[in-house]
Amino acid sequence: MKFYIIAFLIFASFGVDIDKNTFSNYKEVKMQHLHIEWLLNLRSKIIDGSAEYTFKVTTAELKEVHLDIYQMEIKYAYYPNVGKVLDWHVESDPKQSLVQGDKLIIKLGQSYKYGDIFQLRIKYQIGEAARALSFMSIEQTDDKKAPYLFSQCEANNCRSMIPLQDTPSIKFTYSATVLTQDSQINVFMSGLPVKNNKFALMEQYNMNGIAKIFQFELNIKIPAYLIAIVAGTVQEKATSQRTSVISEAKNIDIYQKELEDLDKYVKYLEDYIGEYKWGFYKIVILPASFPFGGMENPLLTFANPSIIVGDKSGVSVAIHEIAHSWFGNTVTCNNWSNMWINEGFCVFLERKGLLQLFGEIDYVYVNSQVGTKEMNALIKEFNSSTDPVIKSYASLHPITEDHNADDSFSTIPYERGYQLLFYLESVISEIKFQQLLKDWLRQNEYQSADENDFYNFMIVWIKSNFTIEQFLAIKQQIDTVYTKWIYDTGSPPVKLGFINDASTQATDLAEDWLSSRPGEQPQGFEIFNQFKSNQKQLFLSYMQEKYTNLNTITMKQLDLSYNLSDNKDAELLFRWYTLSIQTKYATTNTNLNKIRTFVGKIGRMKMINPIYKALDKNTAQTWYDENKNFYHPLAKQSIENIIKSKSQYVNVELL
Ligand SMILES: [Zn+2]
């Protein structure tokens, strides 16, 4: 017994239960509830905001509240009940201001004791510098009737919309009032709409200029990064009693048809993991500049229109976002170095849902292989860096201190995290692991957790669900890999192949092309047209791994054989276009102009960043300049980073 206690203590001593990406004093005082009130002026791209906080003191004596802010104008802070105005100032480190923001310090004018609860209000204004927000002009919308606004708060961008404790460690309930000046504009937020002006206005307005008032509340505690808003000429269409699709009018019928099975997807996941507790499930198909495939805002998933392919092949993104309702939104990572606690678990559940949907493990294994290939390429790239921060991005515990946590986001937490869970499942059996995950959720419901919490939970769980001999053997197996899987920057300690017939078909065909004579099609090349989308993705990923063996003649033959440059599926297009640049097939006579159009029509970072990485510096800069008004602030930041570090990529990928 003693041995195990010591082992526990050693493990717990990693001490990762701290969020280094917040300036707030969240260990001393905790947000319990947030109420925001926003007056949207979308034409001027300005929002007048007020926020009211209910705080609970968790230290012996509290005299100040420290909140995260990013590029906003604070007007004043006060106690709502007595109206007393409070002293405040902003503490700013010039090196951090545009990276993680600043610290807003509010002096409370009195001392609070442990357990005290008090309320504060802050009045402020935000504009285009708010990096969570994308203000779109009328011309940038599909319907061309009114301006459009949407948010993206993960990871630390909520602090640019609202001064708050911007850490996944802190969970709170929230409510909101949003006032619009244009009657055509509808508003949705990540909460339930409430009617009849349930919340009294905090500020005074000239009501002649107010066209509509929307109110929302969410009584389940969430972290700041799950607050979300969309405003525009958007409308909602039901796909079942509890699911719906929201978008501008132009394509809503197409989106509704493609996503008609949302309810079925929720049920598949419920079958595996238990009840869906959030009530409704709504998905917004945003404009194409949305920088991600999807974002799991509760009751208001955001998705990129590139998931709408026409044959439902892109719905795995929707299933992934639904899976976040459990992993990420119910149990949340407590800092961004532990993002795999959200994403690794979510991919694991997503693939359980895909198994039900497609009824064949091959489909899931092909997805896992595509993911593994992308993970391996990134591990190689990050692990070769001499910068310890970049190197850590290859692990499941990236260094995020003093950096924008977004910089550490990649396929790694998804696939390396998924692989760890897949391995653990193989060690303790599918049925037992399913029960373990259900119990993990129950024990940590509406809380935040990290890798140590999961390890400690898992060991205790296994001890009480196996014989002592089995427990000892399993624990030894887990201890051999767990820390390495999380902290090592090389490949995971166990190599998982996910080999199956469907993936072998795809990689064999790719191999046939690679060894074919220039200008000749390999025998049986037509089988590609019968592949599922993920097999085609695997085929192209395999080609990308070996692109130095491809010549432009074979590339041309591939293009002619499968019509790749004009494909409708963006998952295939971005891989093919990247490969076209890597192999120098892309010229103005082939598909270079199509690629140029593609990066101007889609803002999903997963799909455009590889293209920018493959381009030479001058072309990348020219194309970026052409499109930067279209891109979301987060995409702009990441492409600018790619262009800045260009010499590195030229060496790695083009020379
Ligand atoms: Zn996710």
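Start at 1 and go down the list; that is how both ligands and their atoms are numbered.
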With side chain to side chain contact (heavy atoms under 4.5 Å, CB included) as the criterion, how do Met605 and His632 come out once you've worked through the C-alpha distance, each side chain's angles and the decisive distance to 0.1 Å? CA-CA 10 Å; Met605 294 192 287; His632 187 277; over 6 Å; no
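Less than 2.8 Å away from the Zn ion (ligand 1), the protein contributes these N/O/S atoms: His320 NE2, His324 NE2, Glu343 OE1, Glu343 OE2.
A side-chain donor from one of Asn342 and Tyr225 sits under 3.5 Å from a side-chain acceptor of the other.
When side chains are defined from C-beta on, Tyr418 does not count as touching Glu343, because their heavy atoms never get closer than 4.5 Å. Side-chain atoms of Met458 and Trp440, non-hydrogen and from C-beta on, never get closer than 4.5 Å to each other.
Here the two rings, on Trp340 and Tyr414, have centers that are 6.0 Å apart or farther. Ring centroids of Phe598 and Phe574 are separated by 6.0 Å or more, keeping the two rings apart.
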